[in-house]
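In what follows, every heavy atom counts, from backbone to side chain, and hydrogens, waters and symmetry copies are set aside.
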Amino acid sequence: MRIPFTKMHGLGNSYIFINVFDFPIEEHLLADLAVAVANKDTGIGSDGLILIHPTDQADVGMRIFNKDGSEGKNCGNGLRCVAKYAYEHQLVDYRRFTIETKAGNVSAEVHGDRSQVKEVTVDMGLPLLKRSEIPMVGGQIDQVVAEPFAIDNDSLEVTTVSMGNPHAVFFVDDIEKAPLTTLGPVIEKDNRFPEGVNVEFIEIANDQEIHFRVWERGSGVTQACGTGACASVVATILNNKLEKGKEITVHLAGGDLYITWSEDNHVWMRGAAETTIQGTYIW
Ligand SMILES: N[C@H](CCC[C@H](N)C(=O)O)C(=O)O
């Protein structure tokens, strides 16, 4: 197959995008295609695959597949790239439009002209906070906020938030010493998370900034995670470490995202989206 693709990233969290409006792909090929394109040696190299597809539920649709071929229900960095692509390629007529995800619709607004969108704002909707919505098993209390979480020989405290996809957030005193590659993969697959989980470590810098590192479900360490940044700001506010309604700067490995958990409970994400390669993948 000769597959036209565009490689884009949000703060270094990169995906291979296929415009299904022009190039439909059979469903049974998608997981293997995600693994193939993500491979830096034999493929293109990315954190996964994203399809931009027609839908009657929104202006455009997004499906996201992790590096291991698993399908995620949402992707914040992917959404900003999809919005950029859709506006620049005239799949949509206006700067504000809706995007369907497996977790429901979101609304996006692009900033910049059709020749090059630099930044996108997304209303990510409401965070899901119930244990059953994460999902997480074990424990009785309906919301998981600073809950004791024994793992290997460590005893941590976990706060869980779903942005349509599951996130386990842990607070550390020094982000550079976060056990990202030691505990990340273990927590990702822990049986308390029946659908797996994205794992975030957070250091509070001040009342408007946090430092962030992530081990992603299905992709491992990535430079950035948009839904993770949203979940982390919500978790920090649930722990009374930050104030609701203020724009928080999240310093990720790949750059900064600006997140607000507003008084009406919507989570807003603002950040960059960039195109790096357009080409044909031979598979
Ligand atoms: N690994 C995630 C999907 C990608 C999310 C991330 N790249 C983002 O920007 O939100 C999951 O399986 O839920």
Compute whether any side-chain donor of one residue and acceptor of the other, for [X] and [Y], lie under 3.5 angstrom apart.
X      : Y      : answer
Asn165 : Lys102 : no
Asn239 : Thr159 : yes
His167 : Thr227 : yes
Glu100 : Thr55  : yes

* To do: Look at the rings of Tyr281 and Phe5 and say which category their plane angle falls in: under 30° parallel, 30 to 60° tilted, over 60° perpendicular.
  =>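 It falls in the perpendicular class, over 60°.
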* Taking a hydrophobic cluster as the set of Ile, Leu, Val, Met, Phe, Trp and Tyr residues connected by side-chain heavy atoms closer than 4.5 Å, whether directly or through intermediates, do Leu183 and Phe171 fall within one such cluster? ->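 No, no single cluster joins them.
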Whether over 12 other heavy atoms sit under 6.0 Å from [X] [atom1]:
X      : atom1 : value
Asp22  : CG    : yes
Lys244 : NZ    : yes
Asp41  : CG    : yes

* Atom CD1 in Ile52, atom OH in Tyr85: separation rounded to 0.5 Å? ->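 One gets 5.5 Å once the value is rounded to the nearest 0.5 Å.
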* With rounding to the nearest 0.5 Å, note down the distance linking CZ in Arg2 to CZ in Phe23. => 10.0 Å
Looking only at non-hydrogen atoms, find the nearest pair between [X] and [Y] and report the distance.
X      : Y      : result
Ile16  : Ser46  : CG1-OG, 3.6 Å
Ala108 : Ala83  : CB-CB, 4.0 Å
Val197 : Ala168 : CG2-N, 3.5 Å
Ser70  : Gly218 : OG-CA, 4.1 Å
Val161 : Pro127 : CG1-CB, 3.9 Å

Side-chain ion pair, [X] and [Y], N-O less than 4.0 Å:
X      : Y      : answer
Lys177 : Glu203 : no
Glu176 : Arg213 : yes
Glu109 : Arg96  : yes
Arg192 : Glu147 : no

* Start with the C-alpha gap between Asp59 and Leu91, add the side-chain angles, then the distance that decides, and say whether side chain to side chain contact (heavy atoms under 4.5 Å, CB included) holds. => CA-CA 8 Å; Asp59 293 303; Leu91 299 181; over 6 Å; no
* To do: Using the test salt bridge (charged side-chain N to carboxylate O under 4.0 Å, His left out), find all partners of Asp207 that sit at least two apart in sequence or belong to another chain.
  => Lys246
* **Polar side-chain atom of Asn198 near backbone of Arg217 as donor-acceptor pair, under 3.5 Å** =>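 The answer is yes, because a donor-acceptor pair under 3.5 Å joins these two groups.
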* Begin with the C-alpha distance, continue with both residues' side-chain angles, and end with the deciding distance and a verdict on side-chain hydrogen bond (donor to acceptor under 3.5 Å, both in side chains) for Thr222 and Glu216. => CA-CA 7 Å; Thr222 61; Glu216 282 200 33; 2.9 Å; yes
* side-chain contact (heavy atoms from CB on, under 4.5 Å) partner of Ser14, the single match among Glu274, Met8, His9 -> His9
* Evaluate the side-chain proximity of Arg63 to Leu49: yes if any heavy-atom separation is below 4.5 Å, no if none is. =>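 They are not in contact (no side-chain heavy atoms under 4.5 Å apart), so the answer is no.
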